[in-house]
Amino acid sequence: MKRGDRRDVVRGGGVVALLAARGARTHRRAWAAVFAALALGSLLLGTLGLAAGSAALGHARVERYAGADAVVAGTQSTRYTAKPWGSEARTVRAGLTERVRVPARALDVVREVPGVRAAVADVAFPLTARTTPTARALTGRPWEATRLASASARLSEGRPPTGAREIVVGEGVARAGDRLSIAYGTGSATDTHTYTVTGVSADARRTVHFSRDEAHRLAERAGRAGELDAIGVLADSGVPDDVLRTRVRHALDAAHLRDVSAPHRADDDPAPLRVLTGDARGEAEFLAAAPARMPLLQVLASLASVVVLVGVLVVTSTVAQALRQRARELALLRAVGATPWQLRRAVGREVGRIAVLAAAVGSVGAVPAYLALRALLVGRGAVPEGLELPFPPWLAAAPLGTAGLMVLIAWLTALGCCARAARARPAEALREEEPGRARQLTGCVLLGLGAASAGAGAFQHGAAAAAAASASALTMVIGCALLGPWLARGAMRVLGAPMRRLGVGGRLAASACTANAARLGAAITPVVLVTAFVLVQLAGGATLGHEAAAQARDAARTDVAVSGPGVPYDAVERIRRLPGVAAATAVAHGTVVLPGKELGEPSLERLPVLGVTPRSLARTLDPAVREGSTDGLRPGTVAVGTDRARTLGVRPGDHVQLRFGDGAEARLRVVATYERALALGDFLFSYEELTRHMTAPPPVRVLAALAPGTSPTSLSTAFPGARVERDPVPERVRAEDQALGEVLTAVAVTAIGGFTVIAVLSTLALISVGRGPELRQLRLAGADRRRLRRMLLLESAATATAGLFLGAATAALPLLAFALSAAGRLPWLPPGQGALIVAVVVLTTTSATLLPALGALRGRYPVAAR
């Protein structure tokens, strides 16, 4: 006995510790794959755990109101209450990304609260600074509101504004003493005046500061009479935040004040004014930050569940294959007198040693991996502006919990895999066990459940259809794993005949695959896993994107698009009157919130939508109307996509009830249904209807169709400083979390691909290592190295072909149901991505089959196994 073994016997309790130590040392190759799978699983789960923890702690950045002790703001959320099937009523909430304003009379109420030193009104409104030869879109605010920042705005030159025609601008806009032409107002109420620049602020950025009275006058011209963006509260010295918040809250409630959207809200959607302190103050400035947290958490939770499920499959597969290669060794130990308890304890301790070390390595790498993921999300615009994702030091311990989960999975798998050898009588332990009827029946049931889930997804919409497709794919993959030996036999009945026509190597490969169906089934399972999961993840989004792009191209009838700060709000009417312009349409992008039920549960779905001027719409942006006419689009009406109309059960003349981005509820009459909803959104509004519920009128964008022979230069001449695009990019709506979904889908595909590549490599490598005696026997029987290499290549080709086919077949049913439901077309995948999947599978199976067998093929004569 070696000194290390003797030490293990003394410390670990005798035979169990000795068996575990010798097993781990002797079977290093087998445990290397288990180590890699566990380390990767721990790394991925630790990274997602850190991301979820950081998102849960996330908050809007506090900038504009950093110097205020509290901020009074409107309720930036809407709620909906409904009764699910056979349950009590439940309430769901959704964030609002358009500003909900505060009534101006709340300012006097807040000023009278004990402990309030000052209350400062803040308003913001859009304007355009016209400079030769360009124009800039800026935001106007009162200079007084700079008191609410952590420090008053620093003037690099000049003085604050005091008169009605004095302003302070940001650096690079103008210099002190210059005169600047400012256009403000909306629609036909647009005015232009010249202001004197009295100061330049390094902190102003894209803001123009006016005197208090002038700022409030301009806000009224922008349609915000009697409304404030927020009220900043400065407290007396020594007044705690919680006391201040309580006092202001009670004063507002006593005055029966609610935000300005309250009269237009649903009955079950109250709109009290909020009093924000601490980190919550940033929510009054960065409106998209708070609503983005919940979708981020939901996507991370969904991704984590997929990683856990795939990790369980892969870790189970690698541990099972590592122990299956030692089945005879375990059976021999049982036959020579090892007790079931000793066998289970030895295997559990052996796996535990590997698992703890692998999980620890993965958890250490989770911190830099999370930092890289956060940088990727921010760089791709998947995190909205102003959303802070904190990373306190104590959060770095979160990967330890996910590491423990991976250790538990490996340990339970090891106990399950050696259960048969531990239970068997010593005389029966050396006999191999054939897959039983229970396994076959369970696999068939899971395939049936997966098909049923895919069928149910065909009748769902949006997130429910995607969830059904993912659940169907997962269930069917597990079913294929259980049915692996039978599927392998079926595959060889199809592939065996052509393989036998490829000479001696083909006949050897066909005979080996047919005789070892269980072994082939174990090799096919990870290939099916990677193919099915990656296809579902990639093809689902690619199908929607491809169809949306096709619809956007078909809808485009535009020759030019005019946009930019130099375009006035009434530009669409002026463009229509220009010679050679056949039609013109103003376009605005926005969001609405649709209340309803999803699988019986109440839901609030945020949807991207378009607002358009309806006159001659089909000549600039054709939505493919099926019923009714978009000519009737005006405030109080809406056009609905055909799929959404079918889901809601509405037709032209019926009414739909929804909520705009500022929380206002509206009951709108349907005037038309149209086909191209993936490109143009599920709802089409009049431009006036949508923009009046937005924080500020968006920059004007006008699509114009020109008569034959007309040059776009006339548009450039009519609007100096405007951007005139020839053959513009087709108009298309985009979901707010689309960038987030794209980034995390790429992460999910990479994670699943990494897991399954490890599974394929480890499974095939362990199989090839275990076939060393078989290959040496074949060489002794006369098979040369060239024929054996040909045999192994054909076996890997059979494995890859069967796995790819079964994986594609497994993914086809859920993908077909999802694509027909969501896009109304067959699934689509970019050819490059499909070729990459095939190449990775073929390269992985070939290298994992050939490389471990090189030792048995080396030399002129085979060497006996040591």
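The line from CZ of Arg93 to CE of Met294 is 10.5 Å long, rounded to the nearest 0.5 Å. Rounded to the nearest 0.5 Å, atoms CG (Leu180) and OG1 (Thr194) are 8.5 Å apart. Between the CG atom in Leu218 and the CZ atom in Phe210 there is a gap of 5.0 Å [rounded to 0.5 Å]. Atom OG1 in Thr128 sits 7.5 Å away from atom CG in Leu138 (nearest 0.5 Å). Taking CG of Leu377 as the start and CG of Leu373 as the end, the distance is 4.5 Å to the nearest 0.5 Å. Between the OG1 atom of Thr97 and the CE atom of Met694 there is a distance of 8.5 Å, given to the nearest 0.5 Å.
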Item to check | Worked verdict on Leu297 versus Val299 for side chain to side chain contact (heavy atoms under 4.5 Å, CB included) | outcome: CA-CA 6 Å; Leu297 283 170; Val299 174; over 6 Å; no
Item to check | side chain to side chain contact (heavy atoms under 4.5 Å, CB included) assessment of Phe125 paired with Thr139 | outcome: CA-CA 6 Å; Phe125 47 90; Thr139 300; over 6 Å; no
Checklist entry - Are Val670 and His655 close enough, and set up right, to give a side chain to side chain contact (heavy atoms under 4.5 Å, CB included), and what steps lead you there? => result CA-CA 6 Å; Val670 179; His655 290 79; over 6 Å; no
Next on the checklist: Checking Leu690 against Val609 for the side chain to side chain contact (heavy atoms under 4.5 Å, CB included) test, could you report, in this order, the C-alpha distance in whole Å, the side-chain angles of both residues, the deciding distance, and whether it holds?
Outcome noted: CA-CA 9 Å; Leu690 185 62; Val609 295; 4.0 Å; yes
Next on the checklist: Checking Ser54 against Tyr370 for the side-chain hydrogen bond (donor to acceptor under 3.5 Å, both in side chains) test, could you report, in this order, the C-alpha distance in whole Å, the side-chain angles of both residues, the deciding distance, and whether it holds?
Outcome noted: CA-CA 10 Å; Ser54 183; Tyr370 161 69; 2.8 Å; yes
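Across all their heavy atoms, Leu252 and Ala106 have their closest contact at CD2-CB, 4.3 Å. Of all heavy-atom pairs spanning Arg141 and Ala215, the tightest one is C-CB, 4.1 Å. Nearest approach of Pro390 to Leu57, heavy atoms of both residues: CG-O, 3.5 Å. Across every non-hydrogen atom of Ala639 and Val671, the tightest pair is N-CG2, 4.4 Å. Val92 approaches Pro602 most closely through the heavy-atom pair CG1-O, 3.4 Å. Heavy-atom minimum distance, Pro384 versus Ala289: CG-CA, 4.3 Å.
Listed by first then second residue, pairs satisfying salt bridge (Lys or Arg N to Asp or Glu O under 4.0 Å) with a partner in residues 376-399 read Arg61-Glu388, not counting sequence neighbours.
The existence of a salt bridge linking Arg90 and Glu601 is confirmed by a sub-4.0 Å separation between a basic side-chain nitrogen and an acidic carboxylate oxygen. A salt bridge is absent between Asp268 and Arg79: the closest approach of a Lys/Arg side-chain nitrogen to an acidic carboxylate oxygen does not fall below 4.0 angstrom. Ion pair Glu214/Arg217 flagged as a salt bridge, since at least one NZ, NE, NH1 or NH2 atom sits closer than 4.0 Å to an Asp/Glu carboxylate oxygen. For Arg99 and Asp229, the salt-bridge test passes: some basic side-chain N is under 4.0 Å from an acidic carboxylate O. In summary, Glu605 and Arg644 engage in a salt bridge, as defined by a charged side-chain N under 4.0 Å from a carboxylate O.
Residues that satisfy the ring-ring contact (aromatic ring centres under 6.0 Å, His included) test with Phe286, not counting sequence neighbours, are absent from this structure. Scored by the ring-ring contact (aromatic ring centres under 6.0 Å, His included) test, Tyr687 finds no partners at all (sequence neighbours excluded). By the side-chain contact (heavy atoms from CB on, under 4.5 Å) test, Asp259 pairs with Thr75, Val100, Ser261, Ala262, Arg265, Ala271, Leu273, sequence neighbours left out. In this view, Asp253 and Arg249 satisfy the side chain to side chain donor-acceptor pair (under 3.5 Å) rule, not counting sequence neighbours. Every residue two or more places apart in sequence or in another chain that forms a side-chain contact (heavy atoms from CB on, under 4.5 Å) with His264 is listed here: Ala664. Here Phe683 pairs with nothing under the ring-ring contact (aromatic ring centres under 6.0 Å, His included) rule; sequence neighbours left out. Scanning for side-chain contact (heavy atoms from CB on, under 4.5 Å) contacts around Thr246 gives His250, with sequence neighbours left out. Listed by chain and number, the residues in a side chain to side chain donor-acceptor pair (under 3.5 Å) with Arg245 are Thr277 (sequence neighbours excluded). By the salt bridge (charged side-chain N to carboxylate O under 4.0 Å, His left out) test, Arg374 pairs with no residue at all, sequence neighbours left out. Evaluation of the ring-ring contact (aromatic ring centres under 6.0 Å, His included) rule for His589 yields no partner, not counting sequence neighbours. Ala280 meets the side-chain contact (heavy atoms from CB on, under 4.5 Å) test with Leu276, Glu283; sequence neighbours excluded.
Under a 3.5 Å cut-off, the side chain of Thr637 and the backbone N or O of Arg669 do not form any donor-acceptor pair. Under the 3.5 Å distance criterion, the side-chain polar atoms of Arg179 are left unmatched by any main-chain donor or acceptor of Val197. At distances below 3.5 Å, at least one donor-acceptor pair connects side-chain atoms of Asp69 with backbone N or O atoms of Ala235. The main-chain N or O of Ala94 is never found under 3.5 Å from a side-chain atom of Arg606 such that the two would form a donor-acceptor pair. Side-chain atoms of Arg247 do not come within 3.5 Å of backbone N or O of Leu244 as any donor-acceptor pair. Panel note: side chain Glu98, backbone Thr695; a donor-acceptor pair is recorded below 3.5 Å. Side-chain atoms of Glu227 never come within 3.5 Å of backbone atoms of Arg101 as a donor-acceptor pair (strictly under, hydrogens ignored).
Relative ring orientation between His209 and Trp143 is described as perpendicular, the plane-to-plane angle rising above 60° on a 0-90° scale split at 30° and 60°.
More than 12 heavy atoms of other shown residues, nucleotides or ligands fall within 6.0 angstrom of atom CZ in Arg165. More than 12 heavy-atom neighbours from other residues, nucleotides or ligands sit within 6.0 angstrom of CG on Asp242. Annotation for Arg117: atom CZ counts as buried by contact number, over 12 foreign heavy atoms lying within 6.0 Å.
Side-chain contact of Tyr195 with Ser181: a donor-acceptor pair under 3.5 Å is absent, judged by distance alone. Side-chain contact annotation: Thr78 with Arg659, donor-acceptor N/O pair under 3.5 Å present. Using modelled atom types, one finds no donor on one side chain facing an acceptor on the other under 3.5 Å when comparing Thr198 with Glu166.
Inter-residue side-chain proximity for Val109 and Leu107 is flagged as unmet; no heavy-atom pair is nearer than 4.5 Å. Leu684 places a side-chain heavy atom less than 4.5 Å from the side chain of Val612. For the pair Phe660 and Leu96, the minimum side-chain heavy-atom distance is 4.5 Å or more. Looking at heavy atoms from C-beta onward, Val638 lies in side-chain contact with Val656 at the 4.5 angstrom threshold.
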